[in-house]
Trainee: 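One structure, pasted below without further comment.
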There are 2 protein chains.
Amino acid sequence: MLTGVINKMLTDRQLFLLQLLVNDYVVSAEPVGSRSIAKRDDVHFSPATIRNELADLEEMGFLEKTHLSSGRVPSEKGYRFYVDHLLSPVLLTEDEVGNIRHAYRKKFSEKEELIRVTAQVLSEFTNYTAIMLGPELMDMRLKHIQMVKLNQTQGVLIIVTDTGHVENKTVTFPKSIRAEDIEKIINILNDKLENVPIYRLQARLNKEISNVMRLHIRDYNRVMNMLQESLTMDDPEQIFCSGKNNILVQPEFQDVNKIISLLNVLEGKEIVHEIMSMPATGLHIRIGRENKLNGIEDCSLITTTYSMGGEHLGTVAVIGPKRMAYPRVVTLIDTVSKILSENLTK
Amino acid sequence: MLTGVINKMLTDRQLFLLQLLVNDYVVSAEPVGSRSIAKRDDVHFSPATIRNELADLEEMGFLEKTHLSSGRVPSEKGYRFYVDHLLSPVLLTEDEVGNIRHAYRKKFSEKEELIRVTAQVLSEFTNYTAIMLGPELMDMRLKHIQMVKLNQTQGVLIIVTDTGHVENKTVTFPKSIRAEDIEKIINILNDKLENVPIYRLQARLNKEISNVMRLHIRDYNRVMNMLQESLTMDDPEQIFCSGKNNILVQPEFQDVNKIISLLNVLEGKEIVHEIMSMPATGLHIRIGRENKLNGIEDCSLITTTYSMGGEHLGTVAVIGPKRMAYPRVVTLIDTVSKILSENLTK
DNA sequence: AATTAGCACTCGGATAGATCGAGTGCTAAC
DNA sequence: GTTAGCACTCGATCTATCCGAGTGCTAATT
């Protein structure tokens, strides 16, 4: 049991009641009244007493009422206190752990697939929305570059990074170019650009490569233009999102307009920035307005990271209503991100 | 003007009224009454006359009432007749054509991007949902295969098809294998598998390659297993979907449960099958229950195809409510698919 | 014979009370 | 410090009523 030292302002009983109330509200989605609390077996005082305590908790800003004579609902401050001090991690049942492991039973030949499946598992088991951010292109380095000719004028330029990520661009080469030239170009690129960070490719191309190219390749300008274009990386990172619709069944989103605006937020790029703005290490929770992004004021965001061979790779996020099953989600996101890291590492 | 010969059952005036009514209902989303039709400048008969005509049209099954004393709404048969005989194609304004062209102004280095943008344009200009099906893997042939080693035990296997599509798989190779071996394997594969249809890769691997491999490669069994796995193609095709949320603002989807089930359908695989079940050539419209797929009984599906250099490549689809702006969508989907084909071809 | 004016009728949607119940705060008794 | 009792509040639900936009049918008009 918790002792009152956590916060001088709150008595043990108040802590206890706050915890009960949040737990209750999280499952019922209805304002919690004193009577319903008093009915519990582990509560040994009367509704009137509870009313007094709740009134105090409200005065301190941990609880709110939806109208003058309604039951209480946790405020954001209440949730914050709850997740900081009252969160008792929940154990998954053996069945659940089994089911999760089961989802990873098959062999994954594409890393993307593994990440996608993780998003799926997480959204399914939490019943909220899961978003996975892959490694940022910023952090990747070039491993290998390759050109496959499709026909006389077109080819596919394939760029593989050290993390195993593959980008491909269709290019149209100048007619004047010869097959040997293409090979030469690719060789030069591989030679000079290996291990260069992806975001520096273009700069390096201009600085160091251009001289060598000029010597060896005819029609130098056109080729450089072509390469210039192909080495532009626009997508900052890969994103997988699963269970976008889960959140809609929550009673707080019965309003069609809310649904539309939330879905738009989930599909926009801003949500990615919001997630990236979370601390890059450990598990973090942002509740309601703590999120800077407009449109998710009624949501909470929980994030943690995953890695490959110890190296930070990306972020796992779960978005649900403020009224979220925090203990369960915290456990799940932690478990799943570990499983993902294991799978990526081996 | 249309003449009555189209269908012996309907007089010119009935055709005219049916067209008016559909046009009106499509924009208003409200049952159309005789009075509101009579008020139009181009209508020269009284509400009573119109009521008689509408009653006849209803008897013939082209119209419906939502309740005993409501105005009329087109039935599915009514829509069907409308799109078959009364659809007058609409011209886009110069502004619109300009805006569409504008969306394609930038150079596309990835074919996928071009298709994605097309989905976006289409959903934006129709205000419905656009779905693009890429070329089926079935129809592709192997152009080139390539292995990039990431470290001692892992590599990325890259598969390029004749259409310029790139698949990549992360593989873990047996420790015993040597660098030269890998090169040898890839050479054998490229040699023997070029131009083989993607879906036959595995079969060919077993039949013709296995002998050659056995001769040249040590640790034959493990290598074969690895390749076996890597050449499994699970995704039948690429899919781009844009504007999933557009459809939700339509008044027929004010019900949250309808929204959820529709979104689930749009995200599922069945919708792809539904689209693939459309005739593979020309423009086609399926109205409401004409769609076999459960969950889109209240929607209409319009599809056409796009191509690259004359060769059929994929399908463009728009999903909206039955009460759809058919003339506009038909024009748009037609225009856009042509622009896409042009862009792919050049 | 076709059209239209007139009229009774239907039904959904909006509005206004009435009622109910779950909740509160406060006071006084325990 | 706790609790029983009570007056009070407010959302939710139900009912009754009214209104308007629509219909079908009949009889008069063109």
Side-chain angles (χ1 to χ4, degrees), chain A residues 4 9-18 20-22 24-25 27-75 78 251-252 254-256, chain B residues 4 10-18 20-22 24-25 27-40 42-75 78 251-252 254-256:
Chain A
M9 325 272 291
L10 295 185
T11 65
D12 279 6
R13 191 164 69 186
Q14 285 171 330
L15 291 173
F16 177 57
L17 285 174
L18 180 54
L20 282 189
L21 190 139
V22 175
D24 188 338
Y25 181 63
V27 310
S28 73
E30 306 262 300
V32 184
S34 55
R35 242 181 80 82
S36 75
I37 295 183
K39 262 187 276 186
R40 296 179 49 114
D41 289 345
D42 50 352
V43 171
H44 303 291
F45 21 90
S46 75
T49 311
I50 296 171
R51 277 203 289 284
N52 288 329
E53 296 283 34
L54 296 189
D56 289 349
L57 284 167
E58 183 179 353
E59 210 174 341
M60 287 184 277
F62 295 112
L63 299 179
E64 283 169 352
K65 285 191 286 199
T66 59
H67 61 93
L68 196 63
S69 72
S70 78
R72 259 81 172 196
V73 160
S75 67
E252 34 268 90
Q254 286 306 71
D255 177 28
V256 182
Chain B
L10 295 185
T11 66
D12 279 6
R13 190 164 71 188
Q14 285 171 331
L15 291 173
F16 177 56
L17 286 174
L18 179 55
L20 281 190
L21 190 141
V22 175
D24 187 340
Y25 181 63
V27 309
S28 74
E30 306 262 300
V32 184
S34 55
R35 241 181 80 81
S36 74
I37 294 184
K39 262 188 278 187
R40 296 179 49 116
D42 49 352
V43 171
H44 303 293
F45 21 89
S46 76
T49 311
I50 296 172
R51 277 203 288 284
N52 288 329
E53 296 283 34
L54 296 189
D56 289 349
L57 284 167
E58 183 180 351
E59 210 174 340
M60 289 184 275
F62 295 112
L63 300 178
E64 283 170 352
K65 285 191 285 197
T66 59
H67 61 91
L68 195 62
S69 72
S70 78
R72 259 80 174 201
V73 160
S75 67
E252 33 268 89
Q254 286 307 72
D255 178 28
V256 182

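Throughout, protein chains are lettered first and strands after them, A, B, ... in sequence-line order, and every chain is numbered starting at 1. Keep in mind that what you see is a predicted model, and the values were worked out from it rather than measured.
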Trainee: In whole Å, I'd like the distance from the CG atom of A:Leu68 to the P atom of C:dA22.
Mentor: 18 Å
Trainee: What is the nucleic acid contact for A:Ser36, judged by heavy atoms within less than 4.0 Å: base, sugar-phosphate only, or nothing?
Mentor: nothing
Trainee: Give the rounded distance in Å between these two atoms: CG of B:Asn52 and P of D:dA27.
Mentor: 15 Å
Trainee: Yes or no on side-chain contact (heavy atoms from CB on, under 4.5 Å) for B:Leu21 and B:Leu57, after CA distance, side-chain angles and deciding distance?
Mentor: CA-CA 11 Å; B:Leu21 190 141; B:Leu57 284 167; over 6 Å; no
Trainee: When you measure from the side-chain N and O atoms of A:Arg72 to the phosphate of C:dG25, is any distance below 4.0 Å, counting only OP1 and OP2?
Mentor: yes
Trainee: Between D:dC10, D:dG24, D:dA4, which nucleotide gets closest to the side-chain atoms of A:His67?
Mentor: D:dC10
Trainee: To the nearest Å, how far apart are B:Ile50 CD1 and D:dT23 P?
Mentor: 9 Å
Trainee: So B:Val73 and B:Leu63, do their side chains get closer than 4.5 Å, heavy atoms only?
Mentor: no
Trainee: Separation of A:Gln14 atom CD from D:dT2 atom C1', in whole Å?
Mentor: 15 Å
Trainee: Tell me whether the OP1 or OP2 atom of C:dT4 has a side-chain N or O from B:Thr49 closer than 4.0 Å.
Mentor: yes
Trainee: Return the value, rounded to whole Å, for the distance between atom CD of A:Glu53 and atom C1' of D:dG1.
Mentor: 10 Å
Trainee: Rounding to a whole Å, what distance do you find between A:Asp24:CG and C:dG23:P?
Mentor: 10 Å
Trainee: Can you figure out which of C:dC26, C:dA5, D:dT9 approaches the side chain of A:Arg51 most closely?
Mentor: C:dC26
Trainee: Taking atom CG of A:Asp41 as the centre, does the number of heavy atoms from other residues, nucleotides or ligands within less than 6.0 Å exceed 12?
Mentor: no
Trainee: Separation of A:His44 atom NE2 from D:dT2 atom P, in whole Å?
Mentor: 14 Å
Trainee: Do the side-chain N or O atoms of A:Ser34 get closer than 4.0 angstrom to the phosphate oxygens (OP1, OP2) of C:dG23?
Mentor: no
Trainee: Can you see if the side chain of B:Arg13 gets near the phosphate of C:dT3 - specifically, an N or O under 4.0 Å from OP1 or OP2?
Mentor: yes
Trainee: Looking only at the side chain of B:Ala48 (C-beta and beyond, no hydrogens), which of the listed nucleotides C:dG23, D:dG24, C:dT4 gets closest?
Mentor: C:dT4
Trainee: Please report, rounded to the nearest Å, how far the C1' atom of D:dT3 is from the CZ atom of A:Arg35.
Mentor: 14 Å
Trainee: Would you check if B:Glu58 and B:Glu64 make a side-chain contact, meaning some heavy-atom pair closer than 4.5 Å?
Mentor: no
Trainee: Is any side-chain N or O of A:Lys65 closer than 4.0 Å to OP1 or OP2 of C:dG25?
Mentor: yes
Trainee: Between the side-chain atoms of B:Ser69 and the base atoms of D:dT23, is any donor-acceptor pair under 3.5 Å?
Mentor: no
Trainee: May I ask you to check if A:Arg13 and A:Phe45 form a cation-pi contact, with NZ or CZ under 6.0 angstrom from the six-membered ring centre and within 45° of the axis?
Mentor: yes
